[in-house]
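In what follows, a single structure is set out as structure tokens and then discussed.
Start at 1 and go down the list; that is how both ligands and their atoms are numbered. Sequential numbering from 1 along the given sequence is applied to the chain's residues.
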Amino acid sequence: VPSKAPRHFLTLNDVNSAELQHIIARAIELKALLRQGKAPALFDNKVLAMIFEKNSTRTRVSFESGVAKLGGHAIFLSTKDSQLGRGEPIEDAARCIASMVDMVMIRTYGHATVERFAEYSRVPVINGLTDEYHPCQLLADIQTYVEQRGSLAGKTVAWVGDGNNMCNSYIQAAELCDFELRIATPKGFEPEDEFVTPYQHRASVSNDPREAVAGADLVVTDTWASMGQEDEKKQREKIFIGYQVNKELMSYAKSDALFMHCLPAYRGKEVSADILDAPDAVVWEEAENRMHAQNALMEFLFNQ
Ligand code: CP
Ligand code: NVA
């Protein structure tokens, strides 16, 4: 039994700027080692439990493969086939699962669920996406920017589309990485005040995508209907129509601006096909970096 309280990663704010920089630098290092076929056995004898209450492609593959490549093992648990789907209290599941593994990753709906799990877990808990936050994706996005263009400090980032979990995590990233975030959403789809108000010196919110993108170094978007909002999809497609990231919108950004998307992407909706399929698109690198960034994160949390 660990003697001190475990270090969790439920939002990006669970690390400070220096720790974040360390994790990103280590992610870049681990990526190079893996590509050279020199994977260190960092997770020898370690087991990660992955709990999914929502679908996933990248999060599952990046965690499962990342842990395996570094000598550990990952267990996939979904609501459908675990007792969580039959109403076992999260606190009970947390105590049992955490007693048998070394780390837990959870993807769920309400953020309070991961907080409750973490409270009862004696091992580190990682947020693999909630309705409110997606911090692991930010690690990958920051790594990708740093690899392509260097530090984000002093840069301008435009968030176009829905004021969702990714947007909330970008707001925290703005503070930790010292960049200006300009958010443009349709009216009524702005991020909630509680996420923006503490960071007003970093993040501004408008309903004008061109104004947000003007002179930006990085333009980011995401699906218009997140998991859990399937019923609103058709209605949202009508409301969000002017918020597509395409060549016309990108022409307002800096000429060397990057485009990022956490994926899955819907071509012809939030992003035009030519932007996503451009030969120099970094979205595929961004997806791969999920694995490297999370490997660095897990090493960091194990070493606390
Ligand atoms: N970006 C991301 O989290 O992808 P998945 O939903 O496929 O895990
Ligand atoms: N905002 C999206 C991200 C998917 C990775 C969702 O929550 O569904």
Checklist entry - Would you say Lys54 has any N or O atom under 3.5 Å from an N or O of ligand 2, going by distance alone? => result no

Next on the checklist: If the threshold is 4.0 Å, N to carboxylate O, is there a salt bridge linking Glu248 and Arg210?
Outcome noted: yes

Item to check | Nearest-contact summary for atom 4 (C) of ligand 2 - protein heavy atom, Å | outcome: Leu129 CD1, 3.9 Å

Check: every ligand 1 N/O to protein N/O pair under 3.5 Å:
| residue | atom | partner | partner atom | Å |
| --- | --- | --- | --- | --- |
| ligand 1 | 1 (N) | Gln137 | OE1 | 3.0 |
| ligand 1 | 1 (N) | Cys262 | O | 2.8 |
| ligand 1 | 1 (N) | Leu263 | O | 3.0 |
| ligand 1 | 1 (N) | Arg290 | NH1 | 3.4 |
| ligand 1 | 3 (O) | Thr59 | OG1 | 3.1 |
| ligand 1 | 3 (O) | Arg107 | NH2 | 3.0 |
| ligand 1 | 3 (O) | His134 | NE2 | 2.9 |
| ligand 1 | 3 (O) | Arg290 | NH1 | 3.0 |
| ligand 1 | 4 (O) | Arg58 | NE | 2.9 |
| ligand 1 | 4 (O) | Leu263 | O | 3.4 |
| ligand 1 | 6 (O) | Arg107 | NH1 | 2.8 |
| ligand 1 | 7 (O) | Thr57 | N | 2.7 |
| ligand 1 | 7 (O) | Arg58 | N | 2.8 |
| ligand 1 | 7 (O) | Arg58 | NE | 3.2 |
| ligand 1 | 7 (O) | Arg58 | NH2 | 3.0 |
| ligand 1 | 8 (O) | Ser56 | OG | 2.7 |
| ligand 1 | 8 (O) | Arg58 | N | 3.4 |
| ligand 1 | 8 (O) | Thr59 | N | 2.8 |
| ligand 1 | 8 (O) | Thr59 | OG1 | 2.7 |
| ligand 1 | 8 (O) | Arg107 | NH1 | 3.4 |
| ligand 1 | 8 (O) | Arg107 | NH2 | 3.3 |

Checklist entry - Do ligand 2 and Thr223 have nitrogen or oxygen atoms that lie under 3.5 Å from each other? => result no

Checklist entry - In terms of ring plane angle, is the pair Trp159 and Tyr170 parallel, tilted or perpendicular, where the classes change at 30° and 60°? => result tilted

Next on the checklist: Under the side chain to side chain contact (heavy atoms under 4.5 Å, CB included) test against His111, which residue among Asn165, Thr130, Asn168 passes?
Outcome noted: Thr130

Checklist entry - What atoms of ligand 2 come closer than 4.0 angstrom to any heavy atom of Asn164? => result 1 (N)

Checklist entry - Centre of Tyr145's six-membered ring, under 6.0 Å away, within 45 degrees of the axis: is that where NZ or CZ of Lys155 sits? => result no

Next on the checklist: Give me the residue, atom name and distance of the protein heavy atom closest to atom 3 (C) of ligand 2.
Outcome noted: Asp222 OD2, 3.6 Å

Checklist entry - Can you tell me the protein heavy atom closest to atom 8 (O) of ligand 2 and the distance? => result Met227 N, 2.8 Å

Item to check | Location of contacts on Asn165 toward ligand 2, heavy atoms closer than 4.0 Å | outcome: side chain

Checklist entry - Would the Phe240 and Phe189 ring centres measure less than 6.0 Å apart? => result yes

Checklist entry - Do His292 and Gln143 have side-chain heavy atoms sitting under 4.5 Å apart? => result yes

Next on the checklist: If only side-chain N and O atoms count, and only distance matters, is there a donor-acceptor pair under 3.5 Å linking Thr59 with Arg290?
Outcome noted: yes

Item to check | Among Ser169, Cys177, Cys262, the one residue meeting side chain to side chain contact (heavy atoms under 4.5 Å, CB included) with Leu138 | outcome: Ser169

Item to check | Contact (N/O only, under 3.5 Å) between Leu263 and ligand 2 | outcome: no

Checklist outcome for this item: Looking only at heavy atoms, the pair that brings Leu84 and Thr79 closest together is C-CG2, 4.0 Å

Checklist entry - Cation-pi between Arg60 and Phe76: NZ/CZ under 6.0 Å from ring centre and within 45° of the ring axis? => result yes

